[in-house]
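Contents: one structure, followed by commentary.
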Amino acid sequence: MPINPARIVYEDEHALVVNKLAGELVVAADCEGKLPLFYFLKKDHPGLRVVHRLDYQTSGIIVF
């Protein structure tokens, strides 16, 4: 299931900026059953790379 397009703050050929929700993983971790945001975004953006991360319970803007 893709993320809500309204969560994409900015997108061009070099950057994808997304609103991360609290309680959401950015990349894979040891949380069983939780798929990271990166997993959902990479399906539509195959060359995507993570620029930085936020803690699991922190909400905010993530740059890919």
Side-chain angles (χ1 to χ4, degrees):
M1 165 174 57
I3 68 163
N4 182 337
R7 291 180 54 196
I8 297 175
V9 177
Y10 178 82
E11 180 178 3
D12 69 16
E13 68 270 12
H14 302 291
L16 178 65
V17 181
V18 178
N19 184 20
K20 178 202 168 294
L21 306 175
E24 185 172 51
L25 294 170
V26 174
V27 296
D30 291 335
C31 297
E32 290 185 31
K34 295 241 181 216
L35 293 173
L37 181 59
F38 181 68
Y39 171 85
F40 293 102
L41 295 171
K42 193 164 175 128
K43 290 180 179 182
D44 292 328
H45 304 86
L48 200 66
R49 294 183 183 262
V50 178
V51 175
H52 67 98
R53 299 181 295 172
L54 290 175
D55 290 338
Y56 176 71
Q57 290 299 332
T58 303
S59 63
I61 300 298
I62 295 287
V63 178
F64 293 94

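By convention here, the first residue in the shown sequence is residue 1.
- Under a hydrophobic clustering in which Ile, Leu, Val, Met, Phe, Trp and Tyr are joined whenever their side-chain heavy atoms come within less than 4.5 Å, directly or via other members, Ile8 and Phe38 fall into the same cluster.
- From Phe40, atom CZ reaches atom CG of Asn4 across 13.0 Å, with rounding to the nearest 0.5 Å.
- Of all non-hydrogen atoms in Ile61 and His52, the two that sit nearest each other are O-CE1, 3.3 Å.
- Cluster annotation: Val27 and Leu37 are assigned to the same hydrophobic cluster (Ile/Leu/Val/Met/Phe/Trp/Tyr, side-chain heavy-atom contacts under 4.5 Å, transitive).
- Results of the side-chain contact (heavy atoms from CB on, under 4.5 Å) test with Ile62 over Val50, Val17, Leu41, Val26 single out Val26 as the only residue that passes.
- Put simply, CD on Glu24 and CG on Leu35 are 10.5 Å apart, with the number rounded to the nearest 0.5 Å.
- The shortest distance between side-chain heavy atoms of Phe64 and Val51 does not fall below 4.5 Å.
- Put simply, the side chain of Lys20 gets close to the backbone of Tyr56: a donor and an acceptor are under 3.5 Å apart.
- Taken together through direct or relayed side-chain contacts under 4.5 Å among Ile, Leu, Val, Met, Phe, Trp and Tyr, Tyr39 and Leu48 form part of one hydrophobic cluster.
- How far CG of Leu25 is from CG of Leu54: 12.0 Å, rounded to the nearest 0.5 Å.
- Arg7 contributes a side-chain N or O that, together with a main-chain N or O of Asn19, makes up a donor-acceptor pair within less than 3.5 Å.
- Of all the heavy atoms in Ala22 and Ser59, the pair that sits closest is N-CB, 3.6 Å.
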